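Encoded as structure tokens, the structure appears first; notes follow it.
Keep in mind it's a predicted model, so treat the numbers as computed, not measured.
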Amino acid sequence: MRGLPAVCIFTETYYPVVGGGETQAQALAEHLDANGFNVNVITRHSHASLKKREKSGTVTIHRLPPIGSGHYKKWGLLLTSLPTLIKLRRSYDLVFVSGFRVLGIPAVLVSRLLGKACVLKADSLGEMSGDFFAAGLARFGLRPSSLFFRSFLALRNWILKKADSFVAISSQVAGELITCGVNRKKIHLIPNGVDTCRFHPVNPCGKSELRRKLGLSLEEKIVLYTGRLVSYKGLPLLLRVWREIQTRHRDLRLLLLGSGGLDLHNCESELREYVVANDLQDSVQFTGDVRNVHEYLQAADIFVFPTEREAFGISLIEAMACGLPSISTSVGGVKDILDHERNGIVVEAGDHRQLLAALETCITSPALASLLGHAAWKTVRDDYSAEVVTETYVNLFQKLCNQNGHASF
């Protein structure tokens with residue numbers, strides 16, 4: 001195959017929808033485009049105000065029914081994506097699926113039919129094992145152990161394993177793929193990346209200017225969380241810890257960036273009620289979804305991410321890129337990122353005492369916090385920059401598309 005392969009990125013939702021998977025899909029599309037690739041994006045028409053087809057730079061975005069929000073509308077893409085993937089067959093050589101739990105089925109089927117390369121990436125833990133579906137099944141009175149679901153999962157996984165390659169964003173995701181029978185040779189460990197031109201440290205003067213711009217106090221020490229406001233991110237625990245720690249220190253503020261969104265574990269209303277019930281309005285601030293996450297990170301002093309389940313943790317990487325001393329948990333992809341007391345502080349998920357102690361350390365030991373922040377920035381620069389990650393994808397895509405033919409069923 002000559003030249004660069006044309007790539008079709010297939011993802012359930014895409015910009016302007018905000019989320020870790022959406023951000024990574026957009027970043028990959030833009031960086032592939034900047035490297036000379038022809039890129040198409042196929043996604044769901046998640047809001048009626050969005051166009052069915054539009055250009056973002058030279059990247060073409062195709063939005064398919066079902067239209068509107070809803071937890072289960074992604075299943076409609078099983079039908080609407082098949083004719084679109086076939087119709088666009090001359091515009092791509094490789095299909096890259098971001099979040100393959102449902103979309104992997106039509107992508108693999110069409111790629112086998114048309115002789116295209118297919119790469120599946122899990123954006124969450126449990127996509128291959130089926131654990132990801134547990135909460136949704138419970139709404140219908142079903143369990144992952146039910147005969148119906150086990151039969152569906154077995155058929156789906158048989159199809160998915162025909163993909164040419166799998167991308168694991170962490171060692172835990174790689175382990176799940178192996179446990180579920182994916183050929184080790186097909187698995188490539190590629191972490192999510194961050195735009196270090198946007199997410200980077202600023203000097204004290206720059207921090208002050210950003211605080212003025214964002215309406216934040218120049219005197220307060222700001223602790224920041226970014227991400228979805230969902231229960232499995234450890235946010236109920238964080239507020240309980242904050243209730244205790246803000247009584248010990250003056251001029252502290254906790255910023256919670258994000259919203260509960262469409263996630264089944266949305267706990268935003270419960271968090272807001274807790275803040276009011278415990279008279280924390282003066283020290284806890286909800287910003288909602290924002291487009292300038294990097295500015296809030298650059299204006300903050302400490303990042304806290306007490307997640308209980310995490311496939312990767314792009315919010316953590318973004319904070320580290322901005323040179324923030326970061327506190328997180330020893331779960332999922334975070335294990336690959338943080339080295340305790342070298343580039344951050346690691347606590348056990350759900351441990352009130354450890355989270356409280358970690359926050360105390362960062363608040364009362366500015367010299368240590370500065371060292372951790374600098375080491376965090378170096379970690380991202382060396383291993384998680386968008387340039388490093390994109391180069392890995394470019395090499396993988398070229399290798400797959402240069403192979404002679406693809407196996408059929």
Side-chain angles (χ1 to χ4, degrees), residues 20 23-24 27-28 30-31 34-35 167-174 188-210 221-227 257 292-307 310-347 355 358-359 361-395:
T23 299
Q24 289 298 309
L28 180 60
E30 291 176 350
H31 281 87
N35 279 271
V167 169
I169 56 178
S170 70
S171 57
Q172 186 170 4
V173 173
H188 300 266
L189 188 60
I190 306 177
N192 287 331
V194 64
D195 183 356
T196 52
C197 293
R198 186 182 186 200
F199 293 89
H200 59 81
V202 297
N203 58 33
C205 181
K207 185 183 291 286
S208 296
E209 286 299 317
L210 282 170
K221 189 175 288 290
I222 295 177
V223 179
L224 180 65
Y225 164 88
T226 66
L257 264 68
N292 56 336
V293 173
H294 62 293
E295 291 184 333
Y296 281 91
L297 288 167
Q298 290 162 341
D301 299 295
I302 299 166
F303 183 73
V304 59
F305 193 64
T307 181
E310 201 69 35
F312 182 71
I314 191 59
S315 294
L316 174 61
I317 293 292
E318 290 172 347
M320 294 170 67
C322 292
L324 286 182
S326 299
I327 302 167
S328 193
T329 51
S330 56
V331 301
V334 179
K335 293 180 180 179
D336 298 339
I337 300 167
L338 280 189
D339 184 1
H340 182 55
E341 294 186 345
R342 186 189 68 82
N343 62 358
I345 297 180
V346 180
V347 300
L355 182 57
L359 281 167
T361 296
C362 288
I363 291 168
T364 60
S365 304
L368 174 61
S370 179
L371 289 173
L372 292 176
H374 183 70
W377 168 76
K378 289 181 63 177
T379 297
V380 175
R381 179 197 63 186
D382 295 342
D383 300 325
Y384 299 101
S385 71
E387 291 77 15
V388 170
V389 172
T390 300
E391 183 179 358
T392 307
Y393 273 115
V394 167
N395 292 336

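Side-chain contact between Val331 and Thr307 is present, with heavy atoms from C-beta onward closer than 4.5 Å. In this structure, Ser326 and Leu316 have side chains that are in contact, with non-hydrogen atoms separated by less than 4.5 Å. Looking only at side-chain heavy atoms (C-beta outward), Tyr393 and Leu28 come within less than 4.5 Å of each other. In this structure, Gln172 and Asp336 have side chains that are not in contact, with every pair of non-hydrogen atoms separated by 4.5 Å or more. With contacts defined as side-chain heavy-atom distances shorter than 4.5 Å, the pair Asp339/Thr379 does not qualify. Counting heavy atoms from C-beta outward, Thr23 and Ile314 have side chains that stay 4.5 Å or more apart. Side-chain atoms of Val380 and Phe199, non-hydrogen and from C-beta on, never get closer than 4.5 Å to each other. Using a 4.5 Å heavy-atom cutoff, the side chains of Asn35 and Thr390 are in contact.
Distance check, rounded to the nearest 0.5 Å: SG of Cys362 to CG of Leu368 gives 6.5 Å. Here OG of Ser365 is found 9.5 Å from CG of Leu372. Values are rounded to the nearest 0.5 Å. How far CD of Glu310 is from CD1 of Ile169: 8.5 Å, rounded to the nearest 0.5 Å. Rounding to the nearest 0.5 Å places OG of Ser171 at 7.0 Å from CG of Leu189. Here OG of Ser208 is found 9.0 Å from CG of Asn203. Values are rounded to the nearest 0.5 Å. Separating the OG atom in Ser370 from the CG atom in Leu324 is a distance of 11.0 Å, to the nearest 0.5 Å.
At least one donor-acceptor pair closer than 3.5 Å links the side chain of Ser170 to the backbone N or O of Ala311. Formation of a donor-acceptor pair under 3.5 Å by the Asn343 side chain with backbone atoms of His374 is not found in this model. At least one donor-acceptor pair closer than 3.5 Å links the side chain of His31 to the backbone N or O of Ala27.
The minimum heavy-atom distance between Tyr384 and Asn192, with the atom names listed, is CD2-O, 3.7 Å. Nearest approach of Ser315 to Phe305, heavy atoms of both residues: CB-CE1, 3.9 Å. Closest approach of Gly344 and Leu338 over heavy atoms only: CA-CD2, 4.0 Å. Contact record, Trp377 with Gly323: CB-CA, 4.3 Å, taken as the closest heavy-atom pair. Listed here is the closest heavy atom pair of Ala300 and Lys207: O-NZ, 2.6 Å. Annotation for Val388 and Asp382: closest pair CG2-O, 4.2 Å, computed over non-hydrogen atoms.
When each of Leu297, Ile327, Val223, Ile222 is checked for a side-chain contact (heavy atoms from CB on, under 4.5 Å) with Phe303, only Leu297 meets the rule.
Between Asp195 and Arg198, no side-chain nitrogen of the basic residue sits less than 4.0 Å from a carboxylate oxygen of the acidic one, so the salt-bridge criterion is not met.
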Audit row: Phe312, Val334, side chain to side chain contact (heavy atoms under 4.5 Å, CB included) steps and yes/no: CA-CA 6 Å; Phe312 182 71; Val334 179; over 6 Å; no
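Counting heavy atoms of neighbouring residues, nucleotides and ligands inside a 6.0 Å radius, atom CD of Glu387 exceeds 12 of them.
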